[in-house]
Amino acid sequence: FFVFILASFVYSLFWNVWYYYHQTSYTVVIPQIFKLCCSFTRVLVTLILNVTANKNKFRAILSRISEVDQVLMKSKQVKSSVYNRARNFLTVQLLVMLPLFIALFYFDRMVWTGVIGEPHHLVEYLLDVIGTVMDLQFLNFVLVLKQRYCLLNKELLLLHSVMDETEWTI
């Protein structure tokens, strides 16, 4: 996958240099190259960090969340509702984001070039999609943590016989 992203980046950069950038001014070329290089670097570094440095930490956190789930969600009904809610949220994210990216790509290409089938522009959108998916994964992870803390707080409130959260003062 890394090789594919690297090859796509190099292809897009060379295609733009040979066919597009020699027709435009430096005020357009320099920011475009800078944006493409920064996007590529951000995606590549994040992917490498997630695969190498953060892999074990992420597994440890997920195993702790799994242990918390086993304690907090003893009934299958609660488990299935929590997991179904998370699955539905992820499905809605994908169903909204993918058509949005397709529409943005189509609109961008039709307005600026009038041509849809230029593959070198797909690289920029591929980088944007990968970056957005990574951001959504982080958002989903934070939402899972928030949900587990809410469940944990409810259990702790029930253990201490506090029925109303307004009774609980810090």
Side-chain angles (χ1 to χ4, degrees), residues 1-21 24-66 68-69 73 79-151:
F1 188 69
F2 296 119
V3 174
F4 173 73
I5 292 175
L6 180 64
S8 300
F9 168 71
V10 170
Y11 166 75
S12 176
L13 191 62
F14 280 124
W15 193 97
N16 283 326
V17 167
W18 283 327
Y19 297 109
Y20 178 68
Y21 290 149
T24 57
S25 70
Y26 290 112
T27 58
V28 173
V29 172
I30 292 172
Q32 284 286 345
I33 289 176
F34 184 71
K35 176 191 170 275
L36 187 63
C37 291
C38 286
S39 296
F40 171 74
T41 305
R42 177 182 72 100
V43 166
L44 193 66
V45 166
T46 304
L47 285 173
I48 288 172
L49 283 176
N50 284 339
V51 168
T52 58
N54 296 332
K55 184 169 94 173
N56 292 333
K57 292 176 189 175
F58 196 66
R59 281 187 182 167
I61 291 171
L62 287 178
S63 67
R64 287 185 183 138
I65 289 174
S66 177
V68 168
D69 284 352
M73 299 181 216
K79 247 186 210 181
S80 66
S81 72
V82 167
Y83 291 145
N84 283 338
R85 195 174 341 148
R87 186 179 320 113
N88 291 340
F89 186 70
L90 181 63
T91 304
V92 167
Q93 284 178 339
L94 292 176
L95 289 176
V96 168
M97 292 307 295
L98 290 178
L100 181 66
F101 271 115
I102 291 170
L104 288 175
F105 175 74
Y106 178 77
F107 179 75
D108 185 38
R109 293 297 93 209
M110 287 306 295
V111 167
W112 291 106
T113 63
V115 178
I116 297 295
E118 295 176 340
H120 68 281
H121 291 292
L122 287 174
V123 173
E124 296 173 26
Y125 283 94
L126 176 68
L127 293 175
D128 289 340
V129 167
I130 291 171
T132 302
V133 166
M134 288 187 294
D135 293 342
L136 287 176
Q137 284 179 341
F138 178 74
L139 174 71
N140 289 334
F141 183 70
V142 169
L143 289 174
V144 164
L145 286 177
K146 178 187 172 218
Q147 188 179 39
R148 295 320 185 267
Y149 278 120
C150 288
L151 285 171

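Keep in mind it's a predicted model, so treat the numbers as computed, not measured.
- In this structure, Val129 and Phe105 have side chains that are not in contact, with every pair of non-hydrogen atoms separated by 4.5 Å or more.
- Between the CG atom in Asn140 and the CD atom in Gln93 there is a gap of 4.0 Å [rounded to 0.5 Å].
- No more than 12 heavy atoms of other residues, nucleotides or ligands lie within 6.0 Å of CZ in Phe138, so this atom counts as exposed by the packing criterion.
- The nearest pair of heavy atoms linking Leu127 to Arg42 is O-NH2, 4.3 Å.
- Taking CG from Asp135 and OG1 from Thr46, the interatomic distance works out to 8.5 Å, rounded to the nearest 0.5 Å.
- For the atom pair CG (Leu136) and CE (Met97), the distance works out to 5.5 Å, reported to the nearest 0.5 Å.
- Rounded to the nearest 0.5 angstrom, Leu94 CG and Phe89 CZ are separated by 10.5 Å.
- Residues Arg148 and Val82 meet the side-chain proximity criterion, which asks for heavy atoms closer than 4.5 Å.
- Of all non-hydrogen atoms in Thr52 and Ile48, the two that sit nearest each other are OG1-O, 2.6 Å.
- In this structure, Met134 and Leu47 approach most closely via the heavy-atom pair SD-CD2, 3.9 Å.
- The CG atom of Leu44 sits 9.5 Å away from atom CG of Leu49, with the distance rounded to the nearest 0.5 Å.
- Formation of a donor-acceptor pair under 3.5 Å by the Ser39 side chain with backbone atoms of Leu36 is not found in this model.
- Looking at residues two or more places apart in sequence or on another chain, you find a side chain to side chain contact (heavy atoms under 4.5 Å, CB included) between Phe141 and Phe58, Ile61, Leu62, Ile65, Leu145.
- Evaluation of the side-chain hydrogen bond (donor to acceptor under 3.5 Å, both in side chains) rule for Arg87 yields Asn84 as partners, not counting sequence neighbours.
- In this view, Thr41 and Val45 satisfy the side chain to side chain contact (heavy atoms under 4.5 Å, CB included) rule, not counting sequence neighbours.
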